[in-house]
Amino acid sequence: MQTDIDPRSLIGRKAFDRNGSKLGTVDEVYLDDATGVPEWAAIRTGLFSRDAFVPLEPSELVEGTLHVPYERSLIKDAPDFGVGRHLSPEQELQLYHHYGISLTDDTDPPSDHDFGQIAGD
């Protein structure tokens, strides 16, 4: 995803899955504490609104909407951690595994590293 976009500008944008089905609206954006790069988005989904976390890499911002390269069913089944607080390293690892994303160095992040800072905090 483009890293020059203000992550707060993603909040409120519509999000779509790989097939163009509407997922919902971006509710929160989580930054990597070490780099400050937007890493996860929480998307408010459906009638019984719950937030589903989706990776922002390799998602794309296309014509003002977020396009997530995963199936709607996989996104809906993502672990639900609630919003408004940091993601723990363990929670982030669960999300990486859920989406089949391997960490670049194939190791677990250090247990004392905070992940998932909310944009604007």
Completion exercise
Sorted by chain and number, sequence neighbours left out, ring pair (Phe, Tyr, Trp, His ring centres under 6.0 Å) with F81 holds for none
Problem - Check: Y30 and P38 side chains under 4.5 Å, non-hydrogen atoms - result: no
Practice task
Mind checking salt bridge (Lys or Arg N to Asp or Glu O under 4.0 Å) for R44 and listing every partner two or more places apart, or none if nothing turns up?
Solution key: D27, D51
Exercise for the section: With the side chain counted from C-beta on, respond yes when R72 and L23 share a heavy-atom pair under 4.5 Å apart, and no when they do not. Expected result: yes
Handout entry: Distance-minimising heavy-atom pair for F53 and G82
Key = CZ-O, 3.2 Å
Exercise for the section: Mind checking the NE2-CD spacing from H86 to E92? Nearest 0.5 Å is all I need. Expected result: 10.5 Å
Problem - Note, V54 side chain near V26 side chain (heavy atom, < 4.5 Å) - result: no
Practice task
Report yes if the side chains of L87 and E39 come closer than 4.5 Å at any heavy-atom pair, otherwise no.
Solution key: no
Fill in the blank from the handout: Separation between CZ (R13) and CD (E63), nearest 0.5 Å, reads 11.5 Å
Problem - Derivation of the side-chain contact (heavy atoms from CB on, under 4.5 Å) call for R50 and T45 - result: CA-CA 6 Å; R50 95 180 248 295; T45 62; 3.8 Å; yes
Exercise for the section: With the side chain counted from C-beta on, respond yes when F16 and K22 share a heavy-atom pair under 4.5 Å apart, and no when they do not. Expected result: yes
Handout entry: Pairwise distance CD(Q94) to NE2(H97) - rounded to 0.5 angstrom
Key = 8.5 Å
Practice task
Indicate yes or no for a side-chain donor-acceptor contact from D32 to the backbone of A34 under 3.5 Å, with no hydrogens or angles considered.
Solution key: yes
Handout entry: Main-chain N/O of G12 paired to T25 side chain as donor or acceptor, under 3.5 Å
Key = no
Handout entry: Flag side-chain contact, heavy atom, 4.5 Å: V37 against E57
Key = no
Handout entry: side-chain contact (heavy atoms from CB on, under 4.5 Å) between Y99 and I75, intermediate numbers included
Key = CA-CA 8 Å; Y99 287 105; I75 294 165; 3.9 Å; yes
Exercise for the section: Test L66 against L56 for side-chain contact (heavy atoms from CB on, under 4.5 Å), laying out the working first. Expected result: CA-CA 9 Å; L66 184 66; L56 287 173; 4.0 Å; yes
Problem - Sequence-distant partners of D77, salt bridge (Lys or Arg N to Asp or Glu O under 4.0 Å), two or more places apart - result: none
Exercise for the section: Check whether any side-chain heavy atom of L95 lies under 4.5 Å from a side-chain heavy atom of P79, and answer yes or no. Expected result: yes
Handout entry: S59 side chain reached by W40 side chain, heavy atoms, under 4.5 Å
Key = no
Completion exercise
Residues D17 and E71: closest non-hydrogen pair is OD2-C, 4.1 Å
